[in-house]
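Only one structure is covered here, and it is reproduced in the block below.
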Amino acid sequence: MNQSAPEGLHGRTSFPYKGRKVRSSDTKEALVAARRPDSGGVEGPVITLLANHFVVKFDPSLKIYHYNVEISPSPSKEVARMIKQKLVENNSGLLSGAHPAYDGRKNIYSPVEFQNDKLEFFISLPIPTTKSGLPFGELNCFPQKQNQLKVFRINIRHVSKFDGKDLRSYLSKEGDDWIPLPQDYLHALDVVLREGPMEKCIPVGRSFYSSSMGGTKEIGGGAIGWRGFFQSLRPTQQGLALNVDFSISAFHESIGVILYLQKRLDFLRDLSQRKTRSLSDEERKEVEKALRNIRVFVCHRETVQRYRVHGLTEEATENLYFPDRGGKNLRLVDYFKDHYNYDIQFRNLPCLQISRSKPCYLPMELCMICEGQKFLGKLSDDQTARILKMGCQRPKERKAIIDGIMRGPVGPTSGNQAEEFKLQVSREMTRLNGRILQPPKLKLGDGGHIRDITPSRRDRQWNLLDSHVFQGTRIERWALISFGGTPDQKSNIPKFINQLSQRCEQLGIFLNKSTIVSPQFESTQVLSNVYLLESKLKKIHRATSNNLQLLICVMEKKHKGYADLKRIAETSVGVVSQCCLYPNLGKLSSQFLANLALKINAKVGGCTVALYNSLPSQIPRLLRLDEPVIFMGADVTHPHPLDDFSPSVAAVVGSMNWPAANKYVSRMRSQTHRQEIIQDLAAMVGELLDDFYQEVNKLPKRIIFFRDGVSETQFYKVLKEELQAVKEACARFPGYKPPITFAVVQKRHHTRLFPFEIDPSSMQNQPFDENIPPGTVVDTVITHPKEFDFYLCSHWGVKGTSRPTHYHVLWDENHFTSDELQKLVYNLCYTFVRCTKPVSLVPPAYYAHLAAYRGRLYLERSESIACMRSSPTISRPAPPKATPLPTLSENIKKLMFYC
């Protein structure tokens, strides 16, 4: 930060992103993201790396002309692109011979000025019209209609012109520090570089997918994994760079609708063998949910027509009639026999309804799913595992794939657009230096004697084989309940209790060898019945005189009733629970028992590890033993893409001890559907400050706030609203104005770092097929030109290619140096309670993520909202008011029950 400016505040802004203007009415003084306090950190040995950023050179003097495009009637994205192509081919003179770039919506960018500021064109394309009176999708069955053309009117209007001089100034070291990022020019160049892939691939968000990239794999349930790539143009310290990464996504398999339903829905698995099968009301709802909004084409006649499924007919196919043009009622089954000599097989199934307003029917067995449709539903555990495996490449392979994309026929440099706009895109990854931060010395328990350990293994793991956790708890009163399991599995329970108790003892945790009531054995069905489950848990609680420290729940397999169990235990009964699965009890490895013991210990109030050298001794310039600091983490979790009504859930956590800073209390709230800004943040932070005061007898001298899950487009909004909320919470305490550091933590980005080693035998530069080591930090070359951000890989990547975490400091009244903040974050990554290794995400953000997920579980009751899920609306009404989360029981409010 600029030390001469008021703390964290400056007059001009590089915000907002995406061209949002800061109006004077928005805020009295425009907020500005913290500036990098130095030229980067210096601690730690240097490591040479490659990053998947490709330098883009541009000509700042080139003027770009921006035109607005209106097309009527409004076309689909695919048709809009066809219109643009035909427009350019047919009107070269009026467009001054330019090959403009089109964003697929309303913007065209050209390197030369068109002949006029306003242009109007009429383009006709062979797209079938839907004026036929036949009500079941036979919209194109008469020969004279085969080549009917649809006419579109295109109006083009000049909006503005700009050059790249402001962008050059912004990126240069000499530039005025407060020049805002020229979003219009950057956005135009981004559209230019997306033009080539857009014509050859299917765009999804900022990524492109194509079956031509090979490697497609079925992932089950009617879905298929496609390969693709992500690309984004970014301002960095080395200038403009194109961030390109390999990516995988799930699409609907292009197969017949009947086969698709067999794969997608378990209850229809044998459909092709049972052609007379009909659907119950519940099954019909599931089929409709699976097919709604999917595009299909018919295979009983030649046509280019594509239809969107709006729902299913109420009647079965054999009972469907429609009026022909003369008003005579025709039976659908007979019509297909007479016109196409086709006997409909699945007569008891409904037809697809392919019009929103009038009855238009298509028999399912004659429809195929169109290729290239993104699978928007929630993937099952099996599908998720398969898609993750498809995207899990070791560094050498991932680097080779990205290099192949950059040189390939569908990649970012595959079109001729870049040359039109005088852009030169490097084909080589960026070579840069990172540094490796040293691991902290850790403090463990050893039968009451402090023992220290420095994680010296390459993966920075440490083991607890001959040592105790830093703070072990005493669990005298606990119980066990089992759901399902074979007689053999149930007979293992006494052995499990004995071995878990022994493993706890080895780790310095006391777990009574006897449960307070004998283990309870219930059927799995109890998990499906909320009321029965609640009565069983309350009965155990009463039997222990309402004084139970822990409930261990053993399940036959993963079950959706898990959500109800957690909600009942934590809000209605008031007991901490630990679940595990019978298959894991068969093996009872020392590692499994230790993991279980660490989680149990943390949940009931203990902790695994502490830093040997306290944070104040490591960062003496800012931190002091007698001036406590609170670390806060915040996250918001949203429902899956097809859910149009469930609330989002926000969670905030805060550390409650100093200087150890390894115990965190949580607050959770539901809020408006898909709202990213935390609505009740001031109240939640206020409560955490109250709790901190009760624990430490002082309010924190400094607040360090880590915010997870925010995209760059929302940085300004989050900073403006959430920083204000934190300050509002502080203002409730008279005269309390602690300095605040507010950092956004991003895992969902696409920067990858690869080790770069020179092989002396070949004298060639060879990438090394191993992940970057824990502690690798990068804060130059690929980071922001002016703002305070860095990439830190704090964990050891066991599978695939490590993803470093991106920390972007938006506000810093504590005036950290790069070295101080990087060391602080890396040290904290060693204090996560669930494991004996550094984690990839700073713990306050990690705990906030876990707490938000727990809040979501509270809303997912197993008897849930089936009626809401089956809602047939296609338009999205305003989301309903968020259902509040149930209140946490006082017994567990101050415990880390969510970890």
Side-chain angles (χ1 to χ4, degrees), residues 10-27 30-35 53 55-69 100-111 158-172 175-195 198 203 205-206 230-243 412 417-418 421-423 425 676 710-720 744 746 749-750 782-789 806 808 810:
H10 298 279
R12 285 196 60 186
T13 176
S14 78
F15 278 94
Y17 286 78
K18 295 291 180 198
R20 185 185 181 286
K21 296 285 185 288
V22 183
R23 300 186 304 275
S24 55
S25 59
D26 279 359
T27 175
L31 297 175
V32 171
R35 287 331 200 214
H53 285 220
V55 173
V56 177
K57 288 185 178 162
F58 64 98
D59 178 353
S61 64
L62 177 78
K63 285 188 170 56
I64 292 181
Y65 297 85
H66 176 200
Y67 293 89
N68 178 267
V69 186
Y102 176 45
D103 71 352
R105 294 185 291 274
K106 294 202 169 214
N107 300 292
I108 274 186
Y109 298 97
S110 170
H158 181 251
V159 179
S160 61
K161 67 176 176 182
F162 33 75
D163 60 33
K165 288 174 185 163
D166 283 350
L167 183 57
R168 180 182 59 187
S169 298
Y170 181 86
L171 293 168
S172 75
D176 175 358
D177 206 22
W178 308 118
I179 293 175
L181 177 62
Q183 275 292 353
D184 44 11
Y185 199 78
L186 192 64
H187 179 66
L189 296 186
D190 193 46
V191 171
V192 169
L193 288 171
R194 294 171 72 77
E195 181 82 2
M198 193 78 90
R206 300 204 64 80
F230 166 93
Q231 76 171 66
S232 169
L233 192 61
R234 309 183 59 77
T236 68
Q237 290 190 43
Q238 66 173 338
L240 272 191
L242 194 66
N243 176 205
Q417 228 66 33
F421 287 81
K422 299 187 180 173
L423 295 177
V425 184
E676 184 52 58
V710 179
S711 65
E712 288 178 345
T713 54
Q714 293 174 312
F715 277 8
Y716 184 77
K717 193 171 168 56
V718 165
L719 177 62
K720 183 164 116 29
V744 168
Q746 293 172 304
H749 61 81
H750 288 270
I782 59 168
T783 47
H784 196 281
K786 300 174 189 301
E787 294 170 11
F788 188 5
D789 70 326
H806 186 220
H808 200 128
L810 298 187

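Computed from a prediction, not measured in an experiment: that's the story for all the values here.
- Side chain of N243 to main chain of H750: a donor-acceptor pair is present (N/O by atom type, distance under 3.5 Å, no hydrogens or angles).
- In this structure, R194 and Q417 have side chains that are not in contact, with every pair of non-hydrogen atoms separated by 4.5 Å or more.
- Using a 4.0 Å cut-off between charged side-chain N and carboxylate O, K161 and D184 make no salt bridge.
- Annotation: side chain of L242 is not in contact with side chain of S232 (no heavy-atom distance under 4.5 Å).
- Judged as a ring-ring contact (aromatic ring centres under 6.0 Å, His included), and not counting sequence neighbours, Y65 has no contacts.
- Remark: of the listed residues E712, H53, H749, E712 is the sole one forming a side-chain hydrogen bond (donor to acceptor under 3.5 Å, both in side chains) with R234.
- None of Y185, Y67, F162, Y102 except one satisfies the side-chain contact (heavy atoms from CB on, under 4.5 Å) rule with Y109; the exception is F162.
- Between T713 and F715, every side-chain heavy-atom pair lies at or beyond the 4.5 Å cut-off.
- A search for ring-ring contact (aromatic ring centres under 6.0 Å, His included) contacts involving H806 returns Y791, H808, not counting sequence neighbours.
- Looking at heavy atoms from C-beta onward, P235 lies in side-chain contact with L186 at the 4.5 angstrom threshold.
- With contacts defined as side-chain heavy-atom distances shorter than 4.5 Å, the pair N107/V69 does not qualify.
- Using a 4.5 Å heavy-atom cutoff, the side chains of L233 and V56 are in contact.
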